[in-house]
Amino acid sequence: MASKVPVVTFNNGKSIPVLGLGTWKSKPGEVTQAVKDAIDIGYRHIDCAYVYGNEKEVGEALTAKINEGVVKREDLFITSKLWNTFHRPDLVRDALLKTLENLNLKYLDLYLIHWPQAYKEGGDLFPEDASGKIQFSDVDYVDTWKALEPLQKEGLVKSLGVSNFNSKQLTRLLESATIKPVTNQVECHPYLNQSRLKAFCEERDIVITAYSPLGSPDRPWAKPDEPQLLEDPKLKAVAERLGKTVAQILIRYQIDSGNIVIPKSVNKSRIASNFQVLDFKLSREDLDLINSFDCNGRFVPMTASLGHKDHPFENDEF
Ligand SMILES: NC(=O)C1=CN([C@@H]2O[C@H](COP(=O)(O)OP(=O)(O)OC[C@H]3O[C@@H](n4cnc5c(N)ncnc54)[C@H](OP(=O)(O)O)[C@@H]3O)[C@@H](O)[C@H]2O)C=CC1
Ligand SMILES: CC(=O)C(C)=O
């Protein structure tokens, strides 16, 4: 019998399992099995996005496990994200409907604006000009949010949130939102612990969801000489002392910091070992030690959007 994952309660009273499965880079041919394995192991929270190009295959796994009677829809927590080319208000509803169709679901538990910056609408997901530069759109994320709010009222999503928003962007959004975002999903791990953004969000009752919690070693732009979080000798020492893997320490670090965490794996034994984090806690001393490894080290800098007026990491401190 799988252990039950603790939940965090959002500012709207709904709850989310603190540990979920990431699906970025999970190939369509692998992700169905990975999600089925994860559900068998006890995961109930799956993090998806339209831009990952594998929602249909994630949906096949969800449908199979619901049809087998392993889980009910209401026991699952499914997140997806609105891509940058669909920010224009008239495109938002159809983008959500497409994601629901892909996942074979009637509603999402959580829908996020994936990035604050909008891209040119209507064509490629990464629309490039002749020189290979991404073509931007100036749609304001506040207008995108206003188009999302009625979709929650319609019952197509249970909660709304954002991803990759900095503190200034959240402030602007909160000034006109009638529905408050429940989470800000951002990169978070010991090299980028997001302490200031986290404090800012906490004050506003917005929970952080930590993406790339293992340092995203399979990110497409990784270079061999870049630091590898999973190989960090200081983290290895903590893991050895506590009789855990480095990945388990990194996942528990997020949970004990009060964050939601969504490690990705397509490997059954790693999906299982990443779930074996519910029977221990890190001490205050170990959390402080791991927090001291922060070096503003970002693995997902979104360089393709540099120069965009709404690039979240370019002009503002946090
Ligand atoms: N909102 C956003 O903009 C973003 C959201 N995300 C979300 O966050 C999720 C997680 O982040 P992601 O960038 O994928 O990276 P992670 O930090 O989760 O790392 C994933 C990598 O770690 C490997 N791995 C998994 N478990 C272990 C383990 N126990 N030991 C050793 N290696 C392991 C995986 O390989 P293998 O699969 O072979 O096990 C894969 O190569 C994404 O999949 C996505 O859902 C991520 C980036 C941006
Ligand atoms: C992985 C992801 O969500 C990106 C790069 O937007």
Side-chain angles (χ1 to χ4, degrees), residues 19-27 29-31 33-35 37-38 41 43 45-55 58 77-86 110-119 125-126 134 161-166 181 183-192 194 208-222 226-232 235-236 239 244-254 259-277 297-305 308 311-313:
L19 173 59
L21 181 77
T23 61
W24 175 39
K25 309 169 265 69
S26 302
K27 295 191 184 74
E30 301 171 326
V31 77
Q33 192 56 46
V35 172
D37 289 341
I41 286 161
Y43 289 73
H45 165 188
I46 313 290
D47 184 77
C48 315
Y50 181 79
V51 77
Y52 300 164
N54 57 11
E55 283 184 327
V58 172
F77 191 101
I78 310 299
T79 302
S80 190
K81 314 186 190 92
L82 177 78
W83 185 240
N84 307 358
T85 51
F86 304 109
L110 176 61
Y111 199 41
L112 309 178
I113 300 185
H114 201 146
W115 290 87
Q117 70 272 22
Y119 291 170
L125 298 181
F126 292 88
I134 298 279
V162 295
S163 175
N164 297 301
F165 273 49
N166 67 31
T183 189
N184 187 14
Q185 184 181 118
V186 293
E187 180 176 344
C188 189
H189 45 69
Y191 293 168
L192 184 74
Q194 302 278 16
I208 293 284
T209 301
Y211 78 60
S212 303
L214 311 179
S216 199
D218 57 346
R219 66 196 181 282
W221 48 85
E226 284 170 341
Q228 290 245 33
L229 195 58
L230 285 165
E231 300 300 325
D232 186 307
L235 285 165
K236 279 185 170 174
K244 303 291 172 191
T245 67
V246 174
Q248 287 168 334
I249 297 298
L250 290 169
I251 294 165
R252 195 66 226 187
Y253 166 68
Q254 296 298 340
N259 297 337
I260 296 155
V261 60
I262 48 172
K264 171 263 177 185
S265 180
V266 289
N267 174 286
K268 188 172 183 178
S269 70
R270 289 192 284 274
I271 293 171
S273 77
N274 292 349
F275 195 74
Q276 299 306 313
V277 293
R298 200 181 277 285
F299 293 114
V300 185
M302 202 43 155
T303 47
S305 305
H308 195 296
H311 194 297
F313 317 139

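Atoms within each ligand, like the ligands themselves, are counted from 1 in listed order.
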Item to check | atom 3 (O) of ligand 1: the protein heavy-atom neighbour that sits closest, reported with distance to 0.1 Å | outcome: N164 ND2, 2.9 Å
Next on the checklist: Check for me whether T245 has a heavy atom closer than 4.0 Å to any atom of ligand 1.
Outcome noted: no
Next on the checklist: Any non-hydrogen side-chain atom of S265 less than 4.5 Å from a side-chain atom of I271?
Outcome noted: yes
Item to check | Polar contact flag for L214 and ligand 1 (N/O pairs, less than 3.5 Å) | outcome: yes
Item to check | Residue from W115, W83, F86, W24 passing side chain to side chain contact (heavy atoms under 4.5 Å, CB included) with V51 | outcome: W83
Checklist entry - Which residue owns the protein heavy atom closest to atom 29 (N) of ligand 1, what's the atom, and how far is it? => result N274 OD1, 2.9 Å
Item to check | Nearest-contact summary for atom 18 (O) of ligand 1 - protein heavy atom, Å | outcome: K264 N, 2.9 Å
Next on the checklist: Measuring from atom CG of L235 to atom NE2 of H189, what distance do you get when rounded to the nearest 0.5 angstrom?
Outcome noted: 11.0 Å
Next on the checklist: Do V300 and F313 have side chains that approach each other closer than 4.5 Å (heavy atoms only, starting at C-beta)?
Outcome noted: no
Checklist entry - W24 heavy atoms, cut-off 4.0 Å: which ligand 1 atoms fall inside? => result 13 (O), 14 (O), 42 (C), 43 (O), 44 (C), 45 (O), 46 (C), 47 (C)
Next on the checklist: For F299 and Y191, take the angle between the two ring planes, folded into 0 to 90°, and tell me which bin it lands in: parallel under 30, tilted 30 to 60, perpendicular over 60.
Outcome noted: tilted
Next on the checklist: Below a 4.0 angstrom heavy-atom separation, can you tell me which part of I271, side chain or backbone, both or neither, approaches ligand 1?
Outcome noted: neither
Item to check | Those atoms of ligand 1 less than 4.0 Å from some heavy atom in P217 | outcome: 19 (O), 21 (C), 22 (O), 41 (O)
Checklist entry - Relative to the heavy atoms of H114, which atoms of ligand 2 are at a distance of less than 4.0 Å? => result 2 (C), 3 (O), 4 (C), 6 (O)
Item to check | atom 11 (O) of ligand 1 [closest protein heavy-atom partner, distance rounded to 0.1 Å] | outcome: S212 N, 3.1 Å
Item to check | Step-by-step salt bridge (charged side-chain N to carboxylate O under 4.0 Å, His left out) determination, E226 to R219 | outcome: CA-CA 12 Å; E226 284 170 341; R219 66 196 181 282; 2.8 Å; yes
Item to check | Validation row: K25, S216 side chains within 4.5 angstrom (heavy atoms) | outcome: yes
Checklist entry - Of the backbone atoms (N, CA, C, O) and the side-chain heavy atoms from C-beta on, which set of L230 has a member under 4.0 Å from an atom of ligand 1: side chain, backbone, both, or neither? => result side chain
Item to check | ligand 1 to V300 polar contact by distance, N or O atoms, under 3.5 Å | outcome: no
Checklist outcome for this item: Per-atom filter on ligand 1: closer than 4.0 angstrom to a heavy atom of P263 are 18 (O)
Checklist entry - Is there side-chain contact between N184 and Q194, with heavy atoms separated by less than 4.5 Å? => result no
Next on the checklist: How far is atom 27 (C) of ligand 1 from the closest protein heavy atom, and which atom is that?
Outcome noted: R270 CD, 3.4 Å
Checklist entry - Are any of the N/O atoms in W221 less than 3.5 Å from those in ligand 2? => result no
Next on the checklist: I'd like to check which ligand 1 atoms, numbered from 1 as shown, lie under 4.0 Å from a non-hydrogen atom of D47.
Outcome noted: 7 (C), 44 (C), 45 (O)
Checklist entry - Under 4.5 Å between any side-chain heavy atoms of L214 and I251, yes or no? => result yes
Checklist entry - With a 4.5 Å limit on heavy-atom distance, are the side chains of F165 and P181 in contact? => result no
Next on the checklist: Side chain, backbone, both or neither: which applies to S26 and ligand 1 if a contact is any heavy-atom pair less than 4.0 Å apart?
Outcome noted: neither
Next on the checklist: Is any side-chain heavy atom of N54 closer than 4.5 Å to one of C48?
Outcome noted: no
Item to check | H114 (side chain) donor-acceptor with N84 (main chain) under 3.5 angstrom | outcome: no
Checklist entry - Counting N and O atoms only, with roles assigned by atom type, does the side chain of T245 sit under 3.5 Å from a partner on the main chain of Q248, one being a donor and the other an acceptor? => result yes
Checklist entry - Would you say Q254's side chain and N259's backbone share a donor-acceptor pair under 3.5 angstrom? => result no
Checklist entry - Numbering the atoms of ligand 2 from 1, which are under 4.0 Å from a heavy atom of W24? => result 1 (C)
Checklist entry - Just which atoms of ligand 2 are under 4.0 Å from any heavy atom in Y52? => result 1 (C), 2 (C), 3 (O)
Checklist entry - Which ligand 1 atoms are under 4.0 Å away from a heavy-atom of A247? => result 28 (C), 29 (N)
Item to check | Structural part of S163 in contact with ligand 1, heavy atom criterion under 4.0 angstrom | outcome: side chain
Item to check | Proximity winner for atom 47 (C) of ligand 1, if only heavy atoms of Y211, W115, F299 are counted | outcome: Y211
Next on the checklist: Which of the numbered atoms in ligand 1 are under 4.0 angstrom from any heavy atom belonging to Q185?
Outcome noted: 1 (N), 2 (C), 4 (C), 5 (C), 6 (N), 7 (C)
Checklist entry - Can you tell me which residue and heavy atom of the protein come closest to atom 6 (O) of ligand 2, and the distance to 0.1 Å? => result W115 NE1, 2.8 Å
Item to check | Where ligand 1 meets D218 - atom numbers and elements under 4.0 angstrom, heavy-atom basis | outcome: 20 (C), 21 (C), 40 (C), 41 (O)
Checklist outcome for this item: At under 4.0 Å between heavy atoms, what of K81 touches ligand 1? The answer is side chain
Checklist entry - Does an N or O anywhere in G215 fall below 3.5 Å from an N or O of ligand 1? => result yes
Item to check | Side chain proximity check, V162 to P116, heavy atoms < 4.5 angstrom | outcome: no
Item to check | Spacing of S80 atom OG and L110 atom CG [to the nearest 0.5 Å] | outcome: 9.5 Å
Checklist entry - What atoms of ligand 1 come within less than 4.0 Å of a heavy atom belonging to I262? => result 7 (C), 8 (O), 9 (C), 10 (C)
Checklist entry - Measuring from the heavy atoms of K25, does anything fall under 4.0 Å of ligand 1? => result yes
Checklist entry - Between the side chains of D47 and Y211, does any donor sit under 3.5 Å from an acceptor? => result no
Checklist outcome for this item: among protein heavy atoms, the one nearest atom 15 (O) of ligand 1 is S216 CA, 3.4 Å
